[in-house]
Amino acid sequence: MPELPEVETTCRGLEPHLRGQRIHAVIVRDARLRVPILAELAHILPGLEIRGIGRRGKYLLMDCGRGWLILHLGMSGSLRILPSDALAEKHDHFDLVLESGFCMRLRDPRRFGAVIWTETDPLRHPLLAHLGVEPLTNDFDGAWLYRHTRGKKGSIKQTLMDSHLLVGVGNIYANEALFRAAIRPTTPAGRVGASRCDRLARAVKDVLQQVIAAGGSSLRDFVDSNGKPGYFQQQYFVYGRAGEPCRQCGVPIRLLRQGQRSTFYCPDCQR
DNA sequence: CGCCAGGCCTGCACGC
DNA sequence: TGCGTGCAGGCCTGGC
């Protein structure tokens, strides 16, 4: 997916179209997502007013008054605002038709996403209840990272990507943050010292904030809520650059696998 | 054809 | 025995 910046960008883009809008209808074209879409949504949602939209980790939360819609974009999901009569294309699985004449449309080719309805506190939903700290808040800093990694033998990269510890950092930004902090991704988390934790926490915040400020991303097929492509010209330091020269020192970037995900790093800059 | 891709849940094996 | 931890597998489609 979309990592945190893409979800945040989507959230900000959707907000003005959704807040205060009443739901007119629901169209489910294919309910088979990671969590099957509840057919009853077509009866539950119409008539409800969307009071607001927020984000927790990579989950979007839509306050509908008598309940909440929780959306997740999986690996390949996107949400767009379109005229409600716009022709649906392949992989357009779900529409929230609004009284404004527009609709919010979910497209998700790989169907790893989710549309979930809950009538209780969404933060207590089993999928969200155990999520870790938000990296862009003051709760997360070097001291926090240091405290929460003591004794951990797993690699610092996989630890960064553990959403039960820290939300929102996926494969791309884990690689990029570790480069910026000059830390080797394979280092056991518990052996990253206090000052390196400071650098790393700072790098995580900087990377995420920069991408949000750039208005999206980086992912080739990411589109924001208006259907505009993300900022994919953005340059990565290491992600996807195996064999290419490090932008800092010129040494070829290396590729290895950690937990079945690709890790890219500079053997010279990251120790 | 095989392999790779942004996520993340589940179940299993292991060590304390 | 129980818990936390770490890993592999699985869910899907599309692009190279």
Side-chain angles (χ1 to χ4, degrees), chain A residues 1-11 29-37 55-60 70-79 88-94 106-116 125-132 135 147-178 185-191 204 207-208 211-212 214 216-224 229-234 236 238-243 255-264:
Chain A
M1 127 182 260
E3 298 191 26
L4 186 146
E6 291 78 22
V7 179
E8 179 65 26
T9 299
T10 297
C11 187
R29 297 188 190 78
D30 189 343
R32 300 172 301 158
L33 302 188
R34 169 162 59 104
V35 181
I37 302 176
R55 177 188 64 74
R56 173 74 175 102
K58 297 175 190 172
Y59 292 89
L60 285 166
I70 303 172
L71 298 121
H72 194 276
L73 300 177
M75 289 272 253
S76 58
S78 62
L79 287 167
E89 295 176 31
K90 200 175 179 185
H91 309 306
D92 286 343
H93 306 313
F94 176 83
L106 171 70
R107 176 176 301 177
D108 185 5
R110 293 176 70 180
R111 292 195 274 117
F112 286 179
V115 178
I116 296 161
H125 187 280
L127 289 175
L128 283 77
H130 305 290
L131 290 178
R147 270 202 316 280
H148 288 85
T149 49
R150 290 315 85 194
K152 285 196 181 288
K153 293 177 182 166
S155 72
I156 185 63
K157 187 207 174 204
Q158 289 177 273
T159 302
L160 272 188
M161 291 175 65
D162 178 359
S163 63
H164 298 289
L165 187 69
L166 165 72
V167 298
V169 180
N171 198 33
I172 294 178
Y173 303 127
N175 278 296
E176 293 296 304
L178 285 162
T186 48
T187 309
R191 300 216 337 250
V204 166
V207 167
L208 297 179
V211 180
I212 292 170
S217 138
S218 51
L219 307 180
R220 275 196 319 277
D221 50 2
F222 176 76
V223 287
D224 68 17
Y231 182 61
F232 65 83
Q233 310 84 321
Q234 186 214 359
Y236 292 131
V238 288
Y239 183 80
R241 299 192 65 243
L255 168 64
L256 55 81
R257 302 208 52 95
Q258 291 180 283
Q260 298 147 250
R261 310 300 295 275
S262 295
T263 293
F264 302 88

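Reminder, nothing fancy here: chain letters follow the sequence lines and each chain counts from 1. Side chains included, hydrogens not; waters and symmetry mates left out as well; all remaining heavy atoms used.
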Contacts under 3.5 Å, N or O only, protein and nucleotides 3-10 of chain C:
| residue | atom | partner | partner atom | Å |
| --- | --- | --- | --- | --- |
| C:dG6 | OP1 | A:K153 | N | 3.4 |
| C:dG6 | OP1 | A:G154 | N | 2.8 |
| C:dG9 | N7 | A:Q260 | NE2 | 3.4 |

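Close to C:dT13, at under 4.0 Å from its OP1 or OP2, lies a side-chain N or O of A:R111. For B:dC9, one of the phosphate oxygens OP1 or OP2 lies less than 4.0 angstrom from a side-chain nitrogen or oxygen of A:H164. For B:dC4, the OP1/OP2 oxygens have no side-chain nitrogen or oxygen of A:S262 closer than 4.0 Å. Checking the phosphate oxygens (OP1, OP2) of B:dA5, a side-chain nitrogen or oxygen of A:R257 falls inside 4.0 Å.
Looking at residues two or more places apart in sequence or on another chain, you find a side chain to side chain contact (heavy atoms under 4.5 Å, CB included) between A:P185 and A:K157, A:L178, A:Q258, A:T263, A:Y265, A:Q270.
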>> Only Watson-Crick and G-U wobble pairs with both distances less than 3.5 Å should count. Give DNA chain B in dot-bracket notation, marking inter-strand partners with |.
In response: .||||.||||||||||

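The environment of CZ in A:R29 is crowded: more than 12 heavy-atom neighbours from other residues, nucleotides or ligands sit within 6.0 Å.
Judged by centroid separation below 5.5 Å and plane tilt below 30°, A:F112 does not stack onto the base of C:dC12.
Nearest nucleotide to the side chain of A:H91, out of B:dC9, B:dC4, C:dT13: C:dT13. Side chain of A:K90, nearest nucleotide from C:dG14, C:dC12, B:dA5: C:dG14.
Atom C1' of B:dC1 sits at a distance of 22 Å from the matching atom of C:dC11, rounded to the whole Å.
Nucleotide B:dC9 holds its P atom 10 Å from the NE2 atom of A:H130, rounded to whole Å. We find that NE2 of A:H93 is positioned 9 Å from C1' of C:dT13, with the value rounded to whole Å. Residue A:R261 contributes atom CZ, which lies 13 Å from atom P of B:dC9 at whole-angstrom precision. Rounded to an integer number of Å, the gap from CG of A:L33 to C1' of B:dC8 is 14 Å. Here the P atom of nucleotide B:dC8 and the CG atom of A:D108 are 13 Å apart, to the nearest Å. Between A:H72 atom NE2 and B:dC9 atom C1' there is a gap of 11 Å when expressed in whole angstrom units.
For A:H72 (side chain) and A:A114 (main-chain N/O), no donor-acceptor pair under 3.5 Å exists by modelled atom type.
Contact of the A:L106 side chain with the A:V115 side chain is registered, since non-hydrogen atoms from C-beta on lie closer than 4.5 Å. A:Y59 places a side-chain heavy atom less than 4.5 Å from the side chain of A:L131. Between A:E6 and A:I172 there is no side-chain heavy-atom pair separated by less than 4.5 Å. Within the 4.5 Å cutoff, side-chain heavy atoms of A:N171 are placed close to those of A:M161. A:I212 is listed as a side-chain neighbour of A:L4, based on a closest heavy-atom distance under 4.5 Å.
Each of A:R111, A:R107, A:R110, A:H91 was evaluated against A:S76; a single residue qualifies, A:R110, per the side chain to side chain contact (heavy atoms under 4.5 Å, CB included) test.
Of the two residues contacting DNA chain B, namely A:S163 and A:R110, the nearest-nucleotide position lying further toward the 5' end is that of A:R110.
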